[in-house]
Structures are given as structure tokens and as C-alpha cells.
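Remarks on the structure that follows.
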Amino acid sequence: MIRMVAVRLLLTAPILLGVSIVAFVLMRALPGDFAQASAGTSTISAEALDTIRRSLGLDLPMWQQYLGWLGAALSGDLGVSFTLRTPVASEIFPRLAVTAELTLIAGLMAGLMGVTTGLLSARLRGMTDWVVRGWNSLLLAVPNFVIATLIVLLFGLYFPSVGIFNYVAFARDPSGNIASLLLPALSLALTVSVTVSENTRAAVLEVSSQDYVMVAKSKGLRPRAILRDYLVRNALTPVVTVTGLQLAALLGGSILIETIFTIPGMGQYLFDSIASRDYPAIQAIVLVASTIVLLMNVLVDIAYARVDARVSYD
Amino acid sequence: MVEPLLSVRNLTATFERHGAPARVVNGISFDIAPGEAVGFVGESGCGKSVTARAILRLAPEGSSIAWGGHILFRGQDLLRLDDAAMTDIRGRHIAMVFQDPMSSLNPVMSVGAQIDDMLIRHAGLSRRAARRRAIELLDLVGIREPASRADDHPHQFSGGMRQRVLIAIAVSCQPALLIADEPTTALDVTVQAQILRLLMRLRRELGMALMLITHDFGVIAGMVERVHVMQHGAIVETGAVDPLFAAPRHAYTRALLAAVPRLDTTAGPA
């Protein structure tokens, strides 16, 4: 187990290196650069553009720029933002905390909704099953930014007293902060809940027809104990896996949801940084987000082994 | 004549499938006396397993099955009990051992925990007392080093060992009747004999009645006092084992007996 974790962590290094190269090359393949982006629409002389580029090291060959960045990153320095002229690290980690909180709330909502609807669907079948599956298909078909827009419209038009765009920092007002994240979290959670719900349903159905459930009944255990110890515990494994991976993806920040609800998280930061071609910021965000995804993968594997004793990584 | 422990009268079982009911047990009646061992023999699909499960009112998940007739256990009609009362009977008074030990244990629970939950439920033991008793039971069914093995999970046991664990679960609350539905079919021949001997010994020690279901006359011989031969959801012949073996009256019984391979005859069916 410990060996598995060590090996998996070692393997993340080459993956991160690859990701950083791809991100680096892709950004520079985009038309325009920071110098032009910062000039905006105003006409600016070629000499002035060159001065800006030279001052930021953008005139160097690409491999030199990359190696420079890599060397700094390896020593823990994520660079200085072009636009803000402040260290990227001081900008990215507070935003990561916001996104992490949003993801946590969304994950709890999705887990609660998904497991409940999936269980009801699998246990009651019939009409409930139809309703749940119809609802899931609907949610799956509608992208989360549409859901977010609908939520904004609904509350903006009919419940204007509920502030939609009033993000409050946690340090200033913890309960207000959580309240301000509920609606954005809901728009993320609805989509994730489909995955949880469908996987829970399928897993519970599969487990229900297993012999050991019949044995559990023959033992005279109460229905609630059978549900908890025999159905849910066995059905949990695949659900943990898919949910973990979905949450990992959310931790990278949801550009659309954070932009719509004006939440200062990773997604919004990425959006702003791409718009202004703030290379160090983009590199850092990609690096942090992919590290999170890789770590979540390892965590999912560990969780897998914890839930199911048959799983061993030796 | 002692009062029967179990008295089945005119039992029917009907699967409902898209409006076309299929009757798989066709009005069968039999008695089992306290401590008696009774065999049920027949080919697969003859309704013997459905009969066994009807006694515990167990239906496969997702299927809808309707039972008719009476199943009197100590004078109480099990088919007319409410669900909660039936749950109190299962495991406590009537227990069951199933065919496939490989899939009958919960893979994510330790085998000890799967005995514990039954003891906690029916005997009202504390978790600690239940575990002590579970270890005794594992010892009783012949699991070596039961104290450490109790924490192991099913995948760490062989098929024969798992069936022993399942038998330990079934006898944990000292039921009055143990139903064994093809308990050795999924096992190696050498292991089969061990499991049958174990069942015999436990039956004697615990004074349980045994309802042994099998398609194999070889299993029945020496295990039970009386045999019911089943075909097409009905009992076609009943008798004490030895006379029935020596002089089967029903053509189907003769055919079943002829199907048992013998060492003392030359090739071909008798």
C-alpha cells in the first residue's frame, strides 16, 4: 500500500512535466502575446512592444524561456504575474482555497442528491425509477452554465432579495461566505449528481441480485442493516471512484460558473489570465490544477482499498 | 407420532412474469419432525429450491413470486406472518445454507463480522460477546486459528472454508430447522464429503432438523431418514431411504437412480 502510494507519487513527476510543456507551448501558439494584450486596442509602436517583451524575457528562444520557468518552478518560485506584478503564488493559493470550498460544498450536495436519488431509484423501481432517470437525463443534457444562468434568472427576477453576485470572503463573514456559495455550488452539483445517481443506481441494482444479499435476508437481519452493510457498502466502490475523479476536475476551477457568479476562484483567475496572456499565471494554474487531479487519483485508489478489502496494490 | 416441527400443506409458488403466471411448485405437502433429517431430490428446475426458499419467504431480487397454501412452523402459518415477524423467524428459528459459497459471503465484511451481526440481531449479544461466540462457532465448523481468521475477509478463504463459514453463520443461533440447498454442489468431491460430515455432526450436536436439497442421490444416502423425490413442482415419491433405493416405485425415481454412476457395474446405463 505505502509502496503503491510512493510509486504513484513518483509517476506524477513526468506527467506534470509533460503537462507543463504542453501548456507552455499551447499558450505561445495562441495569436498575440502579453505585450499586445496589455496595449489593448490603442496603437503602440513596434519599439515599445519590443521593450515590453525584452523586459519580460519574451524575446528569448522558447526553450530558454521554458527552462528558466522550470528551474524557478522546481525551486518553488511560480514566477511573477505580468499584469499584477506580484508573485503568482500569493494570488493563486487564496483562489484555490475559494475553489476548494466551492467544490467541497458542491461535492456534498452532489453526493447527497446522487446517493439519495440513486438508492430510491434502485430500491423502489417503478414510477420513482422513471422520474429519477428522466430527471438525470434532463440534467445531463443541460450544461451547467445553462443551469447557472437559469438560477441567476430565477433568483434575479423573482427573489431579488437573495444576493446572487455578492461573494463574501470567508475571513470577513464565514456564514455569509458559505451562503454566497450555495447557488454556484448547486449549479455545479446538479451535473455531478447525475454521475453519482446513475452509478449508485447501477451498483445497487447489481449488488441487490448478489447471493450474499439473499443470505443476509435469510439471516433475519433488519432491512436497514442489509441496506447499510450489504447493499451500500458494496455499491460504494464504483461510486467513490467516479465521484472522486469528477471532484478533481472541479478543483481545477469552473471557468463558466465562477465567471457567471463572480467568484474569485481558480476558474475566473484562469479566464482573466488567458485573456491578458499572463503566461506565468497560466502556467502556475495548469500546474496546480493538474497536481490536484493526480493527487485525487491517488486518493481515490487509497479510498478504494479502504472500502474494499479485496483491493491490494502489492 | 410427535407433533411436526414444520408442516407444509398444499404449497404453491407462482412467478408472475408480464401477466403470464408460471407455476413452479404445484401443491406439495410434507412434514418434518423435530430433529429429523429429510431429503429432497430432483433434477434442476423441479422446484425444490423454490420450495426451500418459500419456507423462509425468500424470493430472488426483482422477481415477483406468489405463494399459496400453508407453511405451519410450530403451528404458526409463516405465509400469513407480517414481514417483521417473519424477519424474527429467519436465522433465529429456521436458517439456510446456500449452494454457492463463493458468492454467498459479503466481500467487504470480515467473516467474523458476518457472524457477529446475526448474533447481535437475534441473541442480543454485545459486539464483544458476539465476537467471542463467533470465534467459538468458527472453531466448531473446523476453521483453524479461528481467533485470527475471524478478521479475514471472504476472499482469503477457499470454497470449502467459505461453506464452513456459511454453516457457522447458519447454526449460530441454534435454529430448530436447517435448510441446506445443494450445499456441496459447488465444491470439490473431497470437500463435499467433509461438508456433509460437518452437517451431520452439527445436526446431532445441536439437535436440529435438517432439510437437505440435492440433485444427487449419492449425497442423500446416509444423510437422511426420509426422501421426497420431486419432479415438475410436485412430490412424486416419498419413502425411507433404504427401501426407496432398493425398490423405487416411480419411474422417475428409477431414472434418477440409474443416473448415478456406479463403480460395480459395467459401462452403460443399468
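So you know, we letter chains A, B, ... as the sequences are listed, proteins then strands, and number each from 1.
- Judged as a side chain to side chain contact (heavy atoms under 4.5 Å, CB included), and not counting sequence neighbours, the contacts of B/Thr184 are B/Gln192, B/Ile195, B/Leu196, B/Val219.
- Within residues 154-164 of chain B, the residues approaching chain A closer than 4.5 Å by heavy atoms are, in numerical order, B/His155.
- Chain B forms the most heavy-atom pairs under 4.5 Å with one residue out of A/Ser209, A/Ala225, A/Ser208, and that residue is A/Ser208.
- In this structure, chain A has no heavy atom under 4.5 Å from any part of B/Arg57.
- The CD atom of A/Gln210 sits 10.5 Å away from atom CG of B/Asp100, with the distance rounded to the nearest 0.5 Å.
- Side-chain atoms of B/Arg92 never come within 3.5 Å of backbone atoms of A/Gly220 as a donor-acceptor pair (strictly under, hydrogens ignored).
- With a 4.5 Å cut-off on side-chain heavy atoms, A/Met214 and B/Met96 do not count as touching.
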TODO: Report the C-alpha distance between B/Phe98 and A/Val215 in whole Å, list the side-chain angles of each, state the deciding distance to 0.1 Å, and finish with yes or no for side-chain contact (heavy atoms from CB on, under 4.5 Å).
DONE: CA-CA 8 Å; B/Phe98 292 83; A/Val215 172; 3.5 Å; yes

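- Contacts of B/Leu56 with chain A are made by side-chain atoms alone, with heavy-atom separations under 4.5 Å and no backbone atom involved.
- With rounding to the nearest 0.5 Å, the separation of CD1 in B/Ile179 from OG in A/Ser218 is 9.0 Å.
- No hydrogens or angles considered: nothing links the side chains of A/Asp229 and B/Asn106 as a donor-acceptor pair under 3.5 Å.
- The candidate with the highest count of non-hydrogen atom pairs below 4.5 Å against chain A, out of B/Asp117, B/Ile120, B/Ile169, is B/Asp117.
- With a 4.5 angstrom heavy-atom cutoff, B/Ile89 does not touch chain A via any of its atoms.
- Contact annotation for B/Ala84: neither backbone nor side-chain heavy atoms come within less than 4.5 Å of a heavy atom of chain A.
- Other residues, nucleotides and ligands place more than 12 heavy atoms under 6.0 Å from the CD atom of B/Glu205.
- At a 4.5 Å heavy-atom cutoff, A/Arg125 makes no contact with chain B through either its backbone or its side chain.
- Ranking B/Arg121, B/Met86, B/Met102, B/Met118 against chain A, the residue ahead of the rest is B/Arg121, based on heavy-atom pairs under 4.5 Å.
- Annotation: side chain of A/Tyr212 is not in contact with side chain of B/Ser103 (no heavy-atom distance under 4.5 Å).
- Distance check: A/Leu221 CG to B/Arg90 CZ gives 10.0 Å after rounding to the nearest 0.5 Å.
- Contacts with chain A were tallied for B/Ala113, B/Ser104, B/Gly91, B/Ser110; B/Ser104 has the most, counting heavy-atom pairs under 4.5 Å.
- In this structure, B/Arg127 places its CZ atom where only 12 or fewer heavy-atom neighbours from other residues, nucleotides or ligands lie under 6.0 Å away.
- Without hydrogens or angle criteria, B/His122 side chain to A/Lys219 main chain gives a donor-acceptor distance under 3.5 Å.
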